[in-house]
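Down below is the structure, laid out as structure tokens.
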Amino acid sequence: PFLYQSISTVADRYMYVPMIGFGLMAAAWIATRRNPLLPTVVLGLLLGLAARGSFVQTETWRNDWTVFHQGLRVTPHSFMAHLHLGMKLQDERRYAAAISHYRRMLAIRPDYFTTHYRIAVCLRELGHLDGAIEELKLALIDHAYTDARCLLGRCRQEQGDWDEAV
């Protein structure tokens, strides 16, 4: 699969443009009928059902929580949904729950080294400096990640290990 497919494989927006063609075909079909009343009523009812479905679907887009939970419901292995739920939880200082989503994200995409940094930030906030340091080491493997280096120094400093902090 192409790269974008790993990020977004299921999306309502993919149907917007193709539906224009169906609408034009229905209008042309009605225009060719000798008595357009029955097809117009049937298509009007179908349009009403589609409008109701759209209204129900807008509940998914109410906020970030509903969007990402729906994303996980329809695409359980969506690393982006896990990442963004983790970030929302981290913003709300729900660090343990954030770490859980970050770890699930890493199980799907282990090459996202910045997620190790996010886990380290959460662990540091929870007071688990040793765990934070281990995650930062993973974030720094093959990467010159300045934020991770700075946080690693702060964690070492908080442990009293000034030689390693510098």
Side-chain angles (χ1 to χ4, degrees), residues 1-20 22 48-166:
F2 58 96
L3 176 62
Y4 188 71
Q5 188 176 12
S6 68
I7 297 170
S8 176
T9 57
V10 179
D12 301 340
R13 67 182 173 273
Y14 295 144
M15 288 306 297
Y16 294 163
V17 174
M19 292 309 290
I20 294 171
F22 289 116
L49 288 172
R52 183 186 181 288
S54 293
F55 179 76
V56 169
Q57 184 64 12
T58 59
E59 194 60 26
T60 297
W61 297 97
R62 184 173 27 131
N63 59 41
D64 291 343
W65 294 108
T66 58
V67 168
F68 296 126
H69 282 292
Q70 173 69 3
L72 284 177
R73 192 181 71 70
V74 299
T75 312
H77 298 295
S78 170
F79 73 94
M80 291 300 284
H82 282 296
L83 175 65
H84 287 284
L85 276 171
M87 289 172 17
K88 290 289 294 174
L89 290 162
Q90 185 176 349
D91 288 345
E92 292 189 358
R93 300 180 186 270
R94 295 170 56 192
Y95 300 116
I99 290 169
S100 174
H101 278 285
Y102 289 148
R103 293 216 187 277
R104 283 188 238 151
M105 185 260 180
L106 282 172
I108 299 165
R109 285 290 302 268
D111 60 325
Y112 251 62
F113 68 93
T114 57
T115 306
H116 290 290
Y117 171 77
R118 293 182 186 284
I119 292 172
V121 170
C122 292
L123 288 171
R124 179 176 175 252
E125 290 296 326
L126 292 170
H128 304 296
L129 293 176
D130 290 332
I133 289 169
E134 291 307 311
E135 290 294 332
L136 290 166
K137 287 178 182 177
L138 292 172
L140 290 168
I141 294 174
D142 297 328
H143 303 286
Y145 190 26
T146 308
D147 290 342
R149 289 205 182 282
C150 290
L151 186 59
L152 181 59
R154 277 182 284 192
C155 288
R156 298 276 194 205
Q157 174 194 1
E158 290 171 16
Q159 285 185 324
D161 189 356
W162 289 93
D163 291 335
E164 288 293 321
V166 179

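Just so it is clear, the values below take in all heavy atoms, side chains as well, and ignore hydrogens, waters and symmetry mates. Note that this is a predicted model, so its numbers are computed, not measured.
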**OP:** Go through T66 and W61 one step at a time and tell me if the side-chain contact (heavy atoms from CB on, under 4.5 Å) criterion holds.
**Re:** CA-CA 6 Å; T66 58; W61 297 97; 6.0 Å; no
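- Here NE2 of H84 is found 13.0 Å from CG of L89. Values are rounded to the nearest 0.5 Å.
- Annotation for Y95 and Q90: closest pair CE2-O, 3.9 Å, computed over non-hydrogen atoms.
- The two residues L140 and L152 have their closest heavy-atom pair at CD1-CD2, 3.9 Å.
- The side-chain heavy atoms of L123 and L129, taken from C-beta on, include no pair separated by under 4.5 Å.
- Between the T75 side chain and the S78 main chain, no donor and acceptor come within less than 3.5 Å of each other.
- Taking the six-membered ring for Trp and thresholds of 30 and 60 degrees, F113 and Y145 have ring planes more than 60 degrees apart, a perpendicular arrangement.
- The shortest distance between side-chain heavy atoms of F68 and L83 does not fall below 4.5 Å.
- Salt bridge absent: R124 and E135 never bring a charged side-chain N and a carboxylate O closer than 4.0 Å.
- Counting only heavy atoms from C-beta outward, the side chains of I119 and L106 approach each other to under 4.5 Å.
- Note that CE of M87 is 13.0 Å distant from NE2 of H101, once rounded to the nearest 0.5 Å.
- In terms of modelled atom types and a separation under 3.5 Å, the side chain of T58 and the main chain of F55 share a donor-acceptor contact.
- Heavy atoms only, all atoms of each residue included: A139 and Y117 are closest at CB-N, 4.0 Å.
- Of the inter-residue distances, the one linking R118 atom CZ with I99 atom CD1 reads 13.0 Å to the nearest 0.5 angstrom.
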**OP:** Take T114 and H143 through the test side-chain contact (heavy atoms from CB on, under 4.5 Å) and record every step on the way to the result.
**Re:** CA-CA 10 Å; T114 57; H143 303 286; over 6 Å; no
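- Of the inter-residue distances, the one linking H116 atom NE2 with L138 atom CG reads 5.0 Å to the nearest 0.5 angstrom.
- The shortest non-hydrogen separation linking A132 to C155 is CB-SG, 4.1 Å.
- Between the CD1 atom of I108 and the NE2 atom of H82 there is a distance of 4.5 Å, given to the nearest 0.5 Å.
- Smallest separation of non-hydrogen atoms from Y102 and C122: CE1-SG, 4.0 Å.
- Side-chain contact of R104 with S100: a donor-acceptor pair under 3.5 Å is present, judged by distance alone.
- Proximity of K137 to I133: side-chain heavy atoms (C-beta onward) are separated by under 4.5 Å at one or more points.
- Between Q157 and W162, some side-chain heavy-atom pair lies under the 4.5 Å cut-off.
- Here the closest non-hydrogen pair linking M105 and T115 is SD-OG1, 3.3 Å.
- Side chains of H69 and L85 form a contact here, defined as non-hydrogen atoms less than 4.5 Å apart.
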